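Would you mind keeping the following structure in view while I ask a few things?
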Protein chains: 2
Amino acid sequence: MGNRLMKISKEDYLEAILICTKKFGACRVTDVAAQLGHSKASVSVALSKLEAEGLVIKDDWRILLSDSGKAFAEKILERHIFFLKWFEHIGIDDKTAKEDACLIEHAISDATFEKILIYLKKLDKEL
Amino acid sequence: MGNRLMKISKEDYLEAILICTKKFGACRVTDVAAQLGHSKASVSVALSKLEAEGLVIKDDWRILLSDSGKAFAEKILERHIFFLKWFEHIGIDDKTAKEDACLIEHAISDATFEKILIYLKKLDKEL
DNA sequence: ATCAATGGTTAGTATATGCTAACATTCGTT
DNA sequence: AACGAATGTTAGCATATACTAACCATTGAT
């Protein structure tokens, strides 16, 4: 099945860990579950897989991002914030802007994101 | 599981049917399989489900889109073409542009797509 | 008429998620 | 110390896809 959903799911977890860490200083399974609206059990299993892939480190109850996991997470979060701001800037309501940013952040390649950034910044001084 | 992948998958099938129909005049299971790079078996099963949902009509070997299925397909194809053109316009190579368009076409809400269209057309006369 | 190729379906399998239930552990309160 | 709440894990289940293998039906060529 889905390489695509696999990718989305993985990136969502990494991003959620980064967000929770920023928000609370540290990140636990429970925090990620709340952040994503998933059960603790699902998160526990998913994070074990991400740990096996070397993207996450579990230190007792503490969920940490490895260097590569952190790089991923920051990339996704940057895109999330960018699209969220852009969508709000062009008049999309907050809820839709957030939902769409949450999906699009996973869909864009590095190359395309960079070009979009450059293009929009050139055209629209307010961004 | 995934509503997201479910949505992506469904939309990909509808879009593929539309593309094959435009390309060949009619659309068969084999055409959709070739278009998407899936096995005939997978396509056969998937299309039966879409038929049960009322999005597709199977008339002997002929795969047709219902009105609602066609509306979906045309919406996705329109977005695909738009993003493809935009990405190529801002200097992204064809392969990446196509890949990204294929993903983003599923990620954007109606509201956001409309606003992006308006916004970009206002800013960039060449589009 | 026969046999191979083409097209479509069904059955069984594999993978990726997610969920609930049940359980172990730890912590806080009384 | 004891009990209940919170946290995390495991086991078992459900769903959504996709695949291969096997099979049926139609078509076309010899």
Side-chain angles (χ1 to χ4, degrees), chain A residues 1-17 20-21 23-65 69 72 76 102-103 105-107, chain B residues 1-17 20-21 23-65 69 72 76 102-103 105-107:
Chain A
M1 199 248 288
N3 279 326
R4 282 182 295 202
L5 185 56
M6 201 170 68
K7 179 184 167 237
I8 293 174
S9 170
K10 185 189 295 188
E11 291 175 352
D12 273 340
Y13 277 112
L14 298 175
E15 187 184 16
I17 294 166
C20 290
T21 305
K23 230 194 264 185
F24 306 122
C27 176
R28 301 167 306 165
V29 168
T30 300
D31 301 322
V32 175
Q35 173 73 24
L36 293 176
H38 292 164
S39 70
K40 283 185 307 168
S42 301
V43 173
S44 176
V45 172
L47 293 187
S48 295
K49 285 183 188 163
L50 290 177
E51 187 177 31
E53 288 183 66
L55 293 163
V56 155
I57 299 155
K58 288 205 247 182
D59 177 19
D60 193 15
W61 55 268
R62 212 177 292 267
I63 311 295
L64 304 170
L65 292 166
F72 257 110
I76 300 299
C102 278
L103 293 179
E105 66 193 22
H106 306 293
Chain B
M1 201 250 288
N3 279 324
R4 283 183 294 203
L5 184 56
M6 202 170 69
K7 181 184 167 238
I8 294 175
S9 170
K10 186 189 293 188
E11 291 175 353
D12 274 340
Y13 277 112
L14 298 175
E15 188 185 15
I17 294 165
C20 290
T21 306
K23 229 194 265 186
F24 306 121
C27 177
R28 302 166 306 165
V29 168
T30 300
D31 299 323
V32 175
Q35 173 72 25
L36 293 176
H38 292 165
S39 69
K40 283 185 308 168
S42 301
V43 173
S44 176
V45 172
L47 293 186
S48 295
K49 285 182 187 162
L50 290 177
E51 186 177 34
E53 287 182 66
L55 293 164
V56 154
I57 299 155
K58 288 206 245 179
D59 177 19
D60 192 15
W61 55 268
R62 211 176 292 266
I63 310 295
L64 304 170
L65 291 167
F72 257 112
I76 300 301
C102 277
L103 292 178
E105 67 194 22
H106 307 291

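Here the structure is a predicted model, which is why all the values come from computation and not from measurement. Reminder, nothing fancy here: chain letters follow the sequence lines and each chain counts from 1.
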Going by the rule side chain to side chain contact (heavy atoms under 4.5 Å, CB included), which residues pair with A34(A) if we only count those two or more places apart in sequence or in a different chain? none
Would you tell me if any nitrogen or oxygen in the side chain of Y13(A) comes within less than 4.0 Å of OP1 or OP2 on dG18(C)? yes
Would you call E11(A) and E15(A) a side-chain contact if the rule is heavy atoms closer than 4.5 Å? no
Just the rounded figure in Å: distance from C1' of dA16(D) to CG of D12(B). 15 Å
Of I63(B), L65(B), L64(B), the one forming a side-chain contact (heavy atoms from CB on, under 4.5 Å) with C27(B) is I63(B)
Might you point out which heavy atoms bring S42(A) and Y13(A) nearest each other, and give the distance in Å? O-OH, 4.0 Å
Show me, pair by pair, the donor-acceptor contacts under 3.5 angstrom made by side chains of residues 43-55 of chain A, not counting sequence neighbours?
{"from": "S48(A)", "atom 1": "OG", "to": "S44(A)", "atom 2": "O", "distance (Å)": "3.0"}
{"from": "S48(A)", "atom 1": "OG", "to": "K58(A)", "atom 2": "NZ", "distance (Å)": "2.9"}
{"from": "E51(A)", "atom 1": "OE2", "to": "K58(A)", "atom 2": "N", "distance (Å)": "3.1"}
{"from": "E53(A)", "atom 1": "OE1", "to": "K10(A)", "atom 2": "NZ", "distance (Å)": "2.9"}

Without decimals, in angstroms, what is the distance between H38(A) NE2 and dT9(D) P? 17 Å
Sorted by first residue and then second, give each salt bridge (charged side-chain N to carboxylate O under 4.0 Å, His left out) pair with at least one member in residues 30-40 of chain A; sequence neighbours left out. R28(A)-D31(A)
Between I76(A) and L14(A), is any pair of side-chain heavy atoms under 4.5 Å apart? no
Which parts of residues 41-54 of chain B get close to DNA chain C, meaning a heavy atom less than 4.0 angstrom away? A41(B), S44(B), V45(B)
Is there a side-chain contact between S39(B) and the phosphate of dA18(D), meaning an N or O under 4.0 Å from OP1 or OP2? no
Considering just the side-chain nitrogens and oxygens of K58(A), establish if one lies under 4.0 Å of OP1 or OP2 belonging to dT9(D). yes
Just the rounded figure in Å: distance from C1' of dG8(C) to CG of D60(B). 10 Å
Could you list all N or O pairs between the protein and nucleotides 4-7 of chain C that sit under 3.5 Å apart?
{"from": "dG7(C)", "atom 1": "OP1", "to": "R28(B)", "atom 2": "NH1", "distance (Å)": "2.9"}

In chain order, what residues pass the side-chain hydrogen bond (donor to acceptor under 3.5 Å, both in side chains) check against E105(A), with sequence neighbours excluded? H80(A)
Between C1' of dA16(C) and NZ of K10(A), the distance in whole Å: 12 Å
